[in-house]
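So that the names make sense, note that chain A is the first sequence line, chain B the second, and so on, each numbered from 1.
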There are 2 protein chains.
Amino acid sequence: MTPERRARLMSVLNKRQNDLTVVMENVFDPHNISAVMRTCDAVGVQEIYVLNTKIPRHKKWGAKSSSSAAKWLTIHQFTDAQACFDELRKKYQRILTTHLSSDAIHLYDIDFTGSLALVFGNEHSGVSDEIRAMADGNFIIPQVGIIRSLNISVACAVTLYEAHRQKRLAGHYDQRRLQDPQLSALLAEWDLKEDDYDR
Amino acid sequence: MTPERRARLMSVLNKRQNDLTVVMENVFDPHNISAVMRTCDAVGVQEIYVLNTKIPRHKKWGAKSSSSAAKWLTIHQFTDAQACFDELRKKYQRILTTHLSSDAIHLYDIDFTGSLALVFGNEHSGVSDEIRAMADGNFIIPQVGIIRSLNISVACAVTLYEAHRQKRLAGHYDQRRLQDPQLSALLAEWDLKEDDYDR
């Protein structure tokens, strides 16, 4: 690995966050999946969960574009909700879903400096009742319009950037947050990938 | 108009903002256009500008979905950049483009409580040199990932929700901001539209 390439990869790895993840439950549109992944990469979310209980396992990740974020993320795929949550519970302290309910908290009232998994649901039916029952609560993104729903990749981006804003203020991007074993493994893995940077 | 319908439409009109707009320059993907419009509706942006100097005029707005935001927005279409900017200058005090440049300001350093037009560019080539030369400056959305670019509808959403966050704190959603003639005209226009709400 050239020093330049190592420096570039490390500059990204040094910003990756170990306490924030995104779960996509039965999200089926490749455009949405691809956009969510790009946003995860952009704010430093390394690990994401794809839970498909009602739609087939995805074969590819809208990866037509050479700049697909998928290859730079660690993607955990599940078809069983309980198995997915068992894994999430090992790594994240709180699991919140996007859902309009009377007890939902406001996006800006979420403390994103804590360990958090965020669940986004299917384009049409949202987060399932099953998943909501397993999670720790719901949150809503404030809206003042007539439609009252956002595209899922938009909802995810607004949420992750509020997380980014809070985490930045809390200094979460100022020092490395991945542990050494994970960081070394990712560096070795990334070194095998073609980098889009110089195209 | 039933009192209920009037109340619903007024509740949205009372949150519409008269000092914030979005300009889409040669954005061609209907998914992106549709998602941008939904986000505009969601944060109370009523008027948007579609400037197509390099791609054909759009015939429809990804309006397959009955919940398309397009019909609830005031859409100004231009094919001439100067004519578009002449109109923008009449209504907005500052015009910023999204562009990675050395003099670009940071999203979070923008004062969104002032009168502002935000220009988002083509999916591949971004905002054109021509438009950047006519604008008042560039801004960037902070990113710590390897890809270094966001989907345009994601970039717009992150920007508009930062505007929403600042404007909310500044009380811009607490009292009506549209002037009476515009509000009355929109109410009459909206009354003619089929409302998706009760579907």
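For A:Arg89, the CZ atom is densely surrounded, since the number of other residues' heavy atoms within 6.0 Å is greater than 12. Residue-environment remark: CZ (B:Arg168) exceeds the threshold of 12 foreign heavy atoms within 6.0 Å. Remark: B:Gln93 CD is loosely packed, at most 12 non-hydrogen atoms of other residues, nucleotides or ligands lying under 6.0 Å away.
Residues A:Phe120 and A:Ile105 share a single hydrophobic cluster, defined by chaining ILVMFWY side chains whose heavy atoms lie under 4.5 Å apart. There is no path of hydrophobic side-chain contacts, each under 4.5 Å, that joins B:Val119 to B:Val22. Both A:Ile152 and A:Leu73 are part of a single hydrophobic cluster, where members link through side-chain heavy atoms under 4.5 Å apart. When the side chains of ILVMFWY residues are joined at heavy-atom separations under 4.5 Å, either directly or via intervening members, A:Tyr92 and A:Phe139 end up in two distinct hydrophobic clusters. The cluster map of Ile, Leu, Val, Met, Phe, Trp and Tyr, joined by side-chain heavy atoms under 4.5 Å apart, puts A:Ile141 and B:Leu107 in the same cluster.
Between atom CG of residue A:Leu9 and atom CD1 of residue B:Ile146 there is a gap of 5.0 Å, rounded to the nearest 0.5 Å. The NZ atom of A:Lys15 sits 13.5 Å away from the CD atom of B:Gln143 when rounded to the nearest 0.5 Å.
When every heavy atom of A:Arg38 is checked against every heavy atom of B:Ser149, the shortest pair comes out as NH2-OG, 2.7 Å. Closest heavy-atom contact between B:Gly145 and A:Arg16: CA-NH1, 3.9 Å. In terms of heavy-atom proximity, A:Ala35 sits nearest to B:Val154 at CB-CG2, 4.3 Å. Contact record, A:Thr39 with B:Leu150: CA-CD2, 4.2 Å, taken as the closest heavy-atom pair.
With chain B as partner, the option from A:Cys40, A:Pro142, A:Gly44 having the largest number of non-hydrogen pairs under 4.5 angstrom is A:Pro142. Most heavy-atom pairs under 4.5 Å with chain A, from the set B:Val12, B:Val144, B:Val43, B:Asn151: that is B:Val144. Comparing B:Gln46, B:Glu162, B:His106 by heavy-atom pairs within less than 4.5 Å of chain A, the highest count is held by B:His106.
A heavy-atom distance below 4.5 Å is found between the side chains of B:His31 and A:Asp29. The closest side-chain heavy-atom distance from A:Arg165 to B:Tyr161 is not below 4.5 Å.
Interface remark: B:Asn32 contributes no atoms to any contact with chain A (heavy atom separation under 4.5 Å).
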